[in-house]
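We count ligands from 1, going down the list as the structure has it; atoms in each ligand are counted the same way. We use all heavy atoms of the structure for the numbers below, so side chains are in, but hydrogens, waters and symmetry mates are not.
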Amino acid sequence: MTVKQVLYDLQQVHRWYESSVEVVKAVDGVDLQIFKGDFIAVFGPSGSGKTTFLNLLAGLDKATGGSIVFNDVNLNDLSDSAICDLRRHEIGIIFQFYNMHPSLTTQENVEYPMLIAGIPASQRSQRATELLKEIGLLDKKDNFPAELSGGEKQRVGIARALTNEPQVIIADEPTGDLDSENAEEIINLLLSVNKQGTTIVMVTHDESLLTEDMRILHLIDGKIFG
Ligand SMILES: Nc1ncnc2c1ncn2[C@@H]1O[C@H](COP(=O)(O)OP(=O)(O)O)[C@@H](O)[C@H]1O
Ligand SMILES: [Mg+2]
């Protein structure tokens, strides 16, 4: 029997937003282990805390209570630059609205995170070509985002998140802007990425996207239910 390895260990994680008028308990006491190779689908209605939760996992935001341990490192103990490094090398992020640079071509968009990570040009170009083949968009490598469909843009988003071979992909409603046919394509691409070993944590409010390959968690009022 193979023993599952823990990628994320969350204990009593809270993210409360406090203002002079109110306290919003966006994430409210989450205990959870995410294992290497998991495809987690966090399912919950709008406003249930999904984006806040993912931002904590991605190191884009800090918990106001509890601990998030990633690969035996407590994110609370890391400096901002160490967190940046982690995001650059270990964590790939996919957003609902693609976040492509409008003035860069498909190929340049895929190469961009590698440019930031200081990878030499020839290696960048080789890796981008490899990824564009994998997502089936090599023929659009010189096109600009405005010339791509939503589904194509999101495929580029996936390629870009994969450039530095992250251990985990964090995806915030990656199909939220797509019709059902394109949404299914994106989910299939994510499933195939997961089969190759990358852990995926995706949030969605669309029940039709859930499949039995996923470990489905419900998020309601900032609390996780299995
Ligand atoms: N920066 C913020 N300041 C105050 N409240 C926030 C902030 N971001 C999110 N919230 C609140 O936290 C709750 C969860 O939001 P969010 O994580 O965006 O939910 P979801 O992604 O599930 O729609 C909501 O009530 C939202 O209004
Ligand atoms: Mg959200």
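- Hydrophobic clustering, with ILVMFWY side chains joined whenever heavy atoms are under 4.5 angstrom apart, groups Leu60 together with Val203.
- Shown in contact with Thr52 at under 4.0 Å from a heavy atom are these atoms of ligand 1, numbered in order with element: 15 (O), 16 (P), 17 (O).
- Atom 26 (C) of ligand 1 lies below 4.0 Å from none of the non-hydrogen atoms of the protein.
- Counted within 6.0 Å of CD on Gln96, heavy atoms from surrounding residues, nucleotides or ligands total more than 12; the atom is thus considered enclosed.
- Counting protein heavy atoms only, atom 20 (P) of ligand 1 is closest to Gly47 N, 3.4 Å.
- Residue Thr51 counts as close to the Mg ion (ligand 2), with an N, O or S atom under 2.8 Å.
- Residue, atom and distance of the protein heavy atom nearest to atom 18 (O) of ligand 1 are Thr51 CB, 3.8 Å.
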Would Phe70 and Glu90 count as a side chain to side chain contact (heavy atoms under 4.5 Å, CB included) if you check the C-alpha gap in whole Å, the side-chain angles of each, and the deciding distance to 0.1 Å? CA-CA 10 Å; Phe70 176 79; Glu90 312 291 352; 3.9 Å; yes
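- The contact set between ligand 1 and Ala26, taken as ligand atoms under 4.0 Å from a residue heavy atom, comprises 12 (O), 13 (C), 14 (C).
- Interface atoms of ligand 1 facing Val24, defined by a heavy-atom separation under 4.0 Å, are 11 (C), 12 (O), 13 (C), 25 (O).
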Applying ring pair (Phe, Tyr, Trp, His ring centres under 6.0 Å), run through His205 and Phe43 and close with a yes or a no. CA-CA 5 Å; His205 66 262; Phe43 175 64; 8.4 Å; no
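- Those atoms of ligand 1 with a heavy atom of Lys50 less than 4.0 angstrom away are 17 (O), 19 (O), 20 (P), 21 (O), 22 (O), 23 (O).
- With Arg15 as reference, Asp61 is the one residue of Asp61, Asp28, Thr52, Thr64 to meet the side-chain hydrogen bond (donor to acceptor under 3.5 Å, both in side chains) rule.
- Listed by atom number, the atoms of ligand 1 under 4.0 Å from Pro45 heavy atoms are 22 (O).
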